[in-house]
Amino acid sequence: MSDTASPSVPGSANFPPFRYSARLAADIESRWQDKWDADGTYEAPNPAGPLADPAKVAGREKLFVLDMFPYPSGAGLHVGHPLGYIGTDVYARFNRMKGFNVLHALGYDSFGLPAEQHAITTGIHPRVNTESNIANMRRQLRRLGLGHDPRRSISTTDENFYKWTQWIFLQIHGAWYDTAQGKARRIEELVTEFESGARPTPDGRAWSALTAGERHDIVDSYRLAYLSDAPVNWCPGLGTILANEEVTAEGRSDIGNYPVFKRNMKQWMMRITAYSDRLIDDLERLDWPEPIKMMQRNWIGRSEGARVTFGSPAGGIEVFTTRPDTLFGATFLVLSPEHPLVDALTTADARAAVAAYQAEAAAKADNERQDDSKKKTGVFTGSTATNPVTGGEVPIYIADYVLMGYGTGAIMAVPSGDQRDFEFARAYNLPIKATAMPTNAWFDQQKIAPSSDCSTWPCAFTGDGEYIDSANDSLSLNGLTSISDAKTRMNEWLESHGHGQPTITYRLRDWLFSRQRYWGEPFPIVYDADGRAHAVPQQSLPVLLPELADFKPTALDPEDAVSDPIPPLARVKEWTTVTLDLGNGPQEYRREVNVMPQWAGSCWYEMRYLDPTNTDTFIDPEVEKYWMGPRSAGHTGGADLYVGGVEHAVLHLLYSRFWHKVLFDLGHVSSEEPFHRLYNQGYIQAYAFRDARGQTVPAAEVVENDGAFTWNNETVSREYGKMGKSLKNIVTPDEMYDEFGADTFRLYEMAMGPLDASRPWNTRDVIGMQRFLQRLWRNVVNEDTGELVVTNDAAPEALLRHLHRTIAGVESDMVGLRFNTVIAKLIEFNNALTQHVNSAGSTPRSLIEPVVQMLSPLCPHLAEELWARLGHNTTVTYVPFPVADPALLVEDTIEVPVQVNGKVRGRITIAPGADEAAHLEAAMAIDNVAVALEGKTIVKNVVIPGRTVNIVVK
RNA sequence: GCCCGAGUGGCGGAAUGGCAGACGCGACGGACUCAAAAUCCGUUAUUCGAAAGGAUGUGUGGGUUCAAGUCCCACCUCGGGCACCA
């Protein structure tokens with residue numbers, strides 16, 4: 001480009017010296033960015049603590065605007081990344097002009113697997129890598145002109161940050177969930193209950209009669225952060241275990257797509273299940289997109305049912321069912337192959353078959369079990385159990401379609417009413433007994449004659465029907481038609497006869513919280529000589545991550561399901577062993593060598609923005625209350641707006657809600673939820689192109705001709721999807737800055753479509769936004785001389801009205817985050833203004849100043865520059881947003897469409913307040929309407945004054 | 001299989017049940033220019049018509065209504081979530 005002599009290039013001979021070009025934009029932008037930094041323009045005052053400035057806080061409403069913070073990967077940003085950041089920036093800037101004290105900041109989620117995986121592939125220490133990545137992202141984002149308070153930026157890898165991550169871990173570790181009060185309480189209060197005898201010990205002995213070790217173990221079993229030796233998701237490819245949320249439906253790792261195996265390991269868990277109900281119920285009080293709420297509800301998976309105990313030779317077998325009302329139809333039991341009673345139930349005859357089946361099931365990964373979903377397999381244990389309502393003996397099977405991890409790991413099979421049980425019963429010739437009479441419609445559909453004899457049925461009947469054959473001496477459901485009535489009666493009977501009770505089961509599992517990696521927060525935990533865990537005293541925080549030359553985990557074969565992981569920290573002898581005085585004199589302890597998962601820092605980072613430099617506490621309560629406290633009774637509190645992608649629906653967004661609730665219960669925060677309003681921005685997608693061999697070719701070099709695409713004269717095929725290095729379709733913000741400038745880039749991203757919709761990137765379209773800014777610029781500055789073309793001349797009435805209509809529309813669209821229509825309205829007005837300027841030769845100040853103000857949230861640099869050129873010497877950032885004059889919103893005349901039988905035949909121009917008769921009279925006067933009415937009879941006249949006239953004829 | 005969300009010009013997208021296609025891109029025509037680029041002005045859903053004007057038109061088929069892109073029912077396609085969860 002630079003070698004052409006074209007006058008269209010800035011700096012060339014004929015190019016207007018003061019045209020708003022990329023070069024001029026770059027100059028304007030860097031000048032204002034420096035000034036904002038120097039002036040601290042976006043610093044938000046706190047009511048208390050180190051960043052306090054009470055005078056500036058007084059008399060202003062607050063607004064906490066938040067983005068999902070990025071993890072600083074080495075690839076840098078592409079144009080898709082800043083979409084949400086620009087959106088929040090526009091919203092934040094708009095609200096600053098509306099008088100709010102706006103807090104907007106951005107930090108970095110710099111611990112975790114992605115950073116560490118990247119470090120391993122490059123061989124550079126994650127800290128070095130992370131810091132240079134952060135520096136690069138900061139540079140790219142600064143160039144965008146985001147109005148962040150730079151004092152409040154944090155990195156989760158900073159010692160001063162993760163000190164408090166560890167502190168919060170200790171709060172959770174130091175708490176237990178009191179189900180009676182429905183909240184977490186301090187562990188000391190639990191000990192008090194044990195000491196006083198108010199709470200009995202597990203085996204009934206007096207608390208004082210227990211050894212110190214026994215007491216320690218009992219208390220540990222109550223903690224919200226606890227050690228568990230249970231089946232975990234082991235991913236040898238990553239060298240670590242993973243949370244359920246990090247494993248895909250295919251049984252592979254979310255990151256890297258490595259196989260994941262179930263195996264037992266001793267690991268830290270977070271008792272998130274204690275909060276299942278509150279996590280579901282409080283969704284009602286959040287302003288979140290319904291799909292996200294749905295995903296969280298599904299993930300927690302609350303289902304109401306009953307536990308029913310069946311007698312057996314090995315004792316009571318407890319099953320969970322959502323349909324206790326079908327108990328009369330339970331004709332066999334199925335246990336998970338891992339169920340603890342299987343051994344005791346297996347008879348000598350069945351032993352070999354059972355053992356073989358168990359071994360086969362154990363060898364399968366979860367996903368393989370699910371792959372065989374069509375075929376039902378299982379083995380008879382040789383024993384039978386007693387159905388508590390019928391007293392009949394039912395055979396006990398094991399089958400791998402029953403999962404140990406859900407409910408009780410045992411089910412009662414009702415083949416007449418459950419398709420899986422039906423298939424199993426047919427496969428193993430087990431009895432099928434109907435407890436509900438199917439409808440005639442169902443029989444018709446199955447093409448069989450109505451009969452309660454299930455032998456003729458081709459499948460289970462899962463609908464509602466009248467209860468039959470459901471009675472014993474003390475209970476009858478026969479004749480009932482309501483499932484809920486039948487459930488209630490059955491539950492009452494079960495409870496009064498001691499055979500079971502209503503219960504609620506959740507799909508949600510406790511959160512597996514340790515990782516066998518290096519790049520994470522060390523646990524503030526040490527072990528004594530007996531292997532019991534102790535909290536590191538608060539004054540010893542942070543527990544620093546030791547600098548390791550070799551930070552790589554021991555390399556393992558991704559398919560190796562049996563080798564034990566060796567966390568990198570275990571290799572640092574001088575770090576793992578520590579002498580501490582935990583109350584009984586200096587002793588030697590062994591440090592926990594696992595680290596916390598990626599999600600730990602993101603569970604609370606938003607609060608540290610509020611009080612980033614506080615060294616006494618993670619956040620001053622007064623500061624928390626100001627920015628995040630409930631706005632009214634029943635309000636959850638939390639950030640006022642949280643914008644991010646949908647991908648964190650059940651990971652970050654669930655974990656952080658859980659931590660926040662624990663902190664709330666313990667009295668550390670006044671808000672019940674971290675994020676009151678959530679908004680999911682869409683993704684910027686891109687086209688990728690492949691040649692005949694299927695190789696991607698550089699998208700920027702592809703030429704379109706009449707719908708066909710060629711690259712180097714070779715036909716290529718187009719596909720639509722993500723932007724990615726391997727797809728050779730990355731467009732970077734830096735390219736946009738060079739070609740158009742940051743303001744044009746920001747404007748384009750906001751104009752492409754609604755913020756919550758995904759849309760394809762088209763560099764070709766960006767020019768339209770640049771043209772708009774150029775036209776706007778010309779309405780203020782003469783391109784050739786640089787002189788102001790603005791005068792104090794009176795504005796034409798029509799344009800003034802148009803301006804105020806625009807102000808009103810822009811205002812409501814800004815509030816609703818509809819920035820695309822904000823931009824359309826501004827362009828529309830500016831186009832009208834341009835026509836006037838072209839004929840009048842100058843721009844009325846009263847018309848252009850409000851436009852500059854309205855533009856400033858979207859294009860802050862250009863707006864500052866124009867505002868300054870218009871003669872103002874303060875930043876436009878805090879200038880009040882224009883207010884529409886209601887008098888100017890009322891039009892002298894309006895145009896109303898006239899329809900005949902719903903078809904528009906003409907328009908009338910009429911005063912806004914005109915009555916129905918006036919509308920009708922004007923409508924009838926239109927020639928075209930008269931023609932349409934000719935020879936017809938008027939049946940009805942519909943007149944909505946100011947809206948429409950519809951004449952209905954026959 | 002179950003549960004969400006979405007289908008509007010050549011493209012991105014606008015439309016409190018009341019003039020479908022705002023705004024932008026592209027395309028076409030014009031001005032400026034020796035010429036081109038850039039910029040500016042105009043046209044641009046399809047179709048019949050010289051024009052005035054008419055007909056058709058928001059995935060498909062029905063329905064409600066004076067009036068439907070918008071509300072209801074069924075279906076099709078695409079995107080997403082969950083999935084042997086008892």
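Here is how names work: the chains are called A, B, and so on, in the same order as the sequence lines, proteins then strands, and each is numbered from 1.
- A close approach under 4.0 Å does not occur between any side-chain nitrogen or oxygen of A/N831 and OP1 or OP2 of B/C23.
- Closest contact between the side chain of A/I411 and the listed nucleotides B/A14, B/G81, B/A86 involves B/A86.
- Distances shorter than 4.0 Å separate none of the side-chain N or O atoms of A/Q296 from OP1 or OP2 on B/C4.
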Ring pair (Phe, Tyr, Trp, His ring centres under 6.0 Å) between A/Y720 and A/Y687, intermediate numbers included: CA-CA 5 Å; A/Y720 180 59; A/Y687 292 108; 5.2 Å; yes
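- Contacts with RNA chain B (heavy atom under 4.0 Å) in residues 768-781 of chain A: A/G768, A/M769, A/R771, A/Q774, A/R775, A/R778, listed by number.
- Taking 4.0 angstrom as the limit, A/R905 places a side-chain polar atom (N or O) nearer than this to OP1 or OP2 of B/G54.
- Comparing B/G24, B/G18, B/G53 by their closest approach to the side chain of A/I827 singles out B/G24.
- Residues of residues 946-954 of chain A that place a heavy atom closer than 4.0 Å to RNA chain B, in numerical order, are A/R947, A/T948, A/N950, A/V952.
- Within the 4.0 angstrom heavy-atom criterion, no nucleotide atom of any strand lies near A/D421.
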From CA spacing to verdict: ring pair (Phe, Tyr, Trp, His ring centres under 6.0 Å), A/F424, A/Y401: CA-CA 10 Å; A/F424 194 88; A/Y401 77 88; 5.8 Å; yes
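- Centroid-to-centroid, the aromatic rings of A/W761 and A/Y683 stay 6.0 Å apart or farther.
- The two residues A/I938 and A/M924 come nearest to each other via the heavy atoms CD1-CE, 3.7 Å.
- In this structure, B/G63 shows a glycosidic angle more than 90 degrees from zero, which is the anti conformation.
- We find that CG of A/D784 is positioned 15 Å from P of B/U39, with the value rounded to whole Å.
- Counting all heavy atoms, side chain and backbone alike, A/E916 lies closest to A/P945 at CG-CG, 4.0 Å.
- Note that A/R19 lies outside the cation-pi zone of A/W777, set by a 6.0 Å cut-off to the ring centre and a 45° limit from the axis.
- Distances were taken from every side-chain heavy atom of A/V904 (C-beta onward) to each of B/A22, B/A20, B/C11; the shortest belongs to B/A20.
- In this structure, the side chains of A/T273 and A/Y506 stay at 4.5 Å or more apart for every pair of heavy atoms.
- Smallest separation of non-hydrogen atoms from A/L653 and A/A649: CB-O, 3.8 Å.
- The side chain of A/E895 approaches B/C19 more closely than any other nucleotide in the set B/C19, B/C25, B/C85.
- Below the 3.5 angstrom threshold, one finds no donor paired with an acceptor across the side chain of A/R507 and the base of B/C85.
- To the nearest angstrom, C1' of B/G13 lies 8 Å from CG of A/N820.
- Considering only side-chain N and O atoms, A/Y401 lies nowhere under 4.0 angstrom from the phosphate OP1 or OP2 of B/A86.
- In this model, the phosphate group of B/G54 is approached by a side-chain N or O of A/N928 to a distance below 4.0 Å at OP1 or OP2.
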